[in-house]
Amino acid sequence: MSPDDSALRLVSAGNPAEAGDHADTGDHAERFRWFAPGTHITIRGLTKTFGDTVLYEDFDLDLPRGKVVSIFGPNGCGKSTLINMISGIMDYDAGTILFDGKTARETKIGYVFQNYREAGFPWLRAIDNIRYPLKFLRLTKAEQDARIEKLLASFNVSIDLNRYPYELSGGQQQLVSIMRALVIDPEVLFLDEPFSALDYEMTLFLRDKLQAVLTEMQVTSLLVSHDLDEAVELADEVLLLTRKPTSVAARIPFDAPRPRNAETTVTPEFIDVKTRSLEIFQREVRKP
Amino acid sequence: MIQKLRDRLPAMGWLQPVLGALALVAVWAFVNLVEMVDPVLLPSPKQSWAAFVEGMTEGTLGHDFLRTIIRTMSAFAVATVIAVPMGVALGSSSRLYRSVEFLIDFFRSTPASAMFPLFLVFFGIGEEAKIAVAAFGAALIILFNTAYGVMNARQLRQLAAQVMGASRARILWDVTVWESLPQTFIGLRSGVSMALVIVIVAEMFIGSTDGLGKRIIDAQMIFNMPDMYASIFAAGALGYLMNLLFTLLETRFVHWGGK
C-alpha cells in the first residue's frame, strides 16, 4: 500500500460522503461521527471483491481497545482476509479502517502468521529475528537491548536463540514469531490461526504463554481461530461472522477471569458462550 | 568368496566416489596397451600424467593455467558486478522484466562464440575482448537467475516485513534479496562455468599468446598429444574446482537453502 492510499483514506474519513457510494450521506455522517468509547479500531464501508465474488460489502465494525477478540465463522467467509485488510497487508476496494484515527501504516502492528516456516527470516538467528522489527522504531541500541531483555523475561523460555529458525522445532519457531510480533510493544496484535500447524501439547503451552503476556500487556488483539474452544478461551469477545457476503452474525462477550486454563473450559459460563457461538455458527453454515 | 567381498565392501566405502574415474583410467590404459587406437593419438595415462606434472612444475602449463584462471575470474567479476544489481532491479519490477525478457532470452540463446567477431571489433584483439565476451555470456545467465529469484521470492516474508513498517526499499534489501540468494547462487555457479568455456574458446581462436585454450590448440597442431591431454585435464580440473568452490560458498552463505 502506497502512502497515497493512506492519505486518501484519511481524507475519506474526514469526508464520509466519499467513503461509500451511497446517496444517503446523512447515514454515513452518522456512522462517522459516533463510535463507542473505548473503541480502538473503526471499520466503515469496507468492500472487498475477488473477481465476481463479493466477500465484504459495506462492512462496519468497531473493535475495543486492549481486548482480545476472536474471529470465528464458516469456511471461506474471509476471516484471514479481514485481518489482512485491517493490518494493511491486503488492499481493499473501498472503505475506511482507522486505529484511533490513524492508518495501519501509522500504527505499530504485530502479526503472527499461521505459517511460521515461511514468515520467519531463515538467514537471521532467532534472536535477530526477534530484534528485527525494532529497526523501525528509532530506538538506541541500549533501548533495543532493554526491550529484548524485558520480552525474554516475560516469556521466560529456555530455547537457544542463537540458533537459526530451521534448527528449532515448529513450536519454538512459532514462539519466536510471537516474540517478534510483541517486541515492538504493538498497539494491535494480529494472530492468524497461530497454533493450527502445531501439535496439541505445544499448542497448549503457547496458548498459556500468549495469554499470560497479553494479560500483562493489555494489547488490542485479533485472533482468527478454527478451534472454537481456543477462540473462546482466549477471547474477551467472540466475533461470529456470516457466510459471504460477510457480515457480523453476533458478538458474544466472555468475561471469565484470567489466567484461564483447562478448568475455565468446564465452567458454565464457558460452556454457555461456546454453545451460543456454536448455535450461531451452525445456523450460518446451514444457510443456503 | 562373494560373502567375503560383501563383508569388506562397507569398509571400502571411500572408494565409491572414485570408482568411475578409476574405471575410465583402466579402460584408457587397456585401449592404449592393446593399441586399439594409434598410440600417437592416445598416449598412455602415465605419459599424460607425466606431461601434466612436468608442465605444472617445470614447464609453462602452470602459467597458462593461471592466465586462464585470471581471465575467467575477471570476466566473472565483471559479470557479477553488472548482472546481480540489474537482476534485482529487473526482478523487482515485473513490468520492466517483461519488457526485456525477450532480449535476455534471445541473447542467452545466442552462442557467445558467435559474438566473438563483434567483440573483436569493439575491444580489439587484446585481453579486453576475451574478458568482455566471457563476461557477456556469464552476465546473461547470472542476470536472469537473479531476476527469477527476486520475482519468485515468497510473498509471506515480504508481508511480514511490510506489517512491521518496512519501506519498499527496505523490504527489497532486507528480505527479497536474501530470498533470491539460492537462485542467484545457481546463476553464479552456472555463470562461472560459462565464463570458463568462453575464455578457453577465446584463447584458442582470438589472438592469444597464453592460456589453456591456446595451449590445447597448439599441442594439437604439433601432435604433442601427452601435453594436449594434460592441458585438457587441467581445464577440466579448473572447471571442477570452481564448481566445488561455489558449492562450498553456497552452503556457507545460503545455509538455510532448502530448509
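Each chain gets a letter, A, B and so on, in the order the sequences are listed, and its residues count up from 1. Hydrogens, waters and symmetry mates are skipped; everything else that's a heavy atom, side chains included, is used.
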message: What part of B:Glu179 gets within 4.5 angstrom of chain A, counting heavy atoms only: side chain, backbone, both, or neither?
response: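 For B:Glu179, the contact with chain A is made by backbone and side chain together.
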- prompt: By a 4.5 Å heavy-atom criterion (distance strictly below it), what part of B:Val175 contacts chain A: side chain, backbone, both, or neither?
  reply: both
Measure the [atom1]-[atom2] distance between [X] and [Y] for me, rounded to the nearest 0.5 Å.
X	Y	atom1	atom2	answer
A:Glu118	B:Gln155	CD	CD	11.0 Å
B:Leu156	A:Tyr111	CG	OH	8.5 Å
B:Gln162	A:Arg105	CD	CZ	6.0 Å

task: Report, by ascending residue number, the residues of residues 166-174 of chain B in heavy-atom contact with chain A at a distance under 4.5 Å; give 'none' if the set is empty.
output: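 Against chain A, the residues of residues 166-174 of chain B that fall inside the cut-off (heavy atoms, under 4.5 Å) are B:Ala166, B:Ser167, B:Arg170, B:Asp174.
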- request: With a 4.5 angstrom heavy-atom cut-off, could you sort out which part of A:Ile184 is near chain B: side chain, backbone, both or neither?
  value: neither
- prompt: So which part of A:Asn84 gets closer than 4.5 Å to some heavy atom of chain B, the side chain, the backbone, both or neither?
  reply: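 No part of it gets close to chain B.
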query: Applying a criterion of heavy atom separation less than 4.5 Å, what residues of residues 134-145 of chain A form contacts with chain B?
result: A:Lys135, A:Phe136
Crowding at [atom1], [X] (>12 non-hydrogen neighbours, <6.0 Å):
X	atom1	result
B:Arg154	CZ	no
A:Phe59	CZ	yes
A:Asn75	CG	no
A:Lys67	NZ	no
B:Met194	CE	no
B:Met73	CE	yes

message: Ring-plane angle category for B:Trp178 and A:Trp123, please: parallel below 30°, perpendicular beyond 60°, tilted otherwise.
response: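 Answer is parallel, since the angle falls under 30°.
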- request: Check whether any side-chain heavy atom of B:His255 lies under 4.5 Å from a side-chain heavy atom of A:Glu167, and answer yes or no.
  value: no
task: Answer yes or no: is there a side-chain heavy-atom contact under 4.5 Å between A:Pro122 and B:Arg157?
output: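 Yes, at least one pair of side-chain atoms sits under 4.5 Å.
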query: chain B: which of A:Gly120, A:Pro165, A:Pro186 shares the most heavy-atom pairs with it under 4.5 Å?
result: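 Sorted descending by pairs with chain B, the first entry is A:Gly120.
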query: Taking all atoms of both residues into account, what is the closest heavy-atom pair of A:Ala119 and B:Ala160, and its distance?
result: O-CB, 4.0 Å
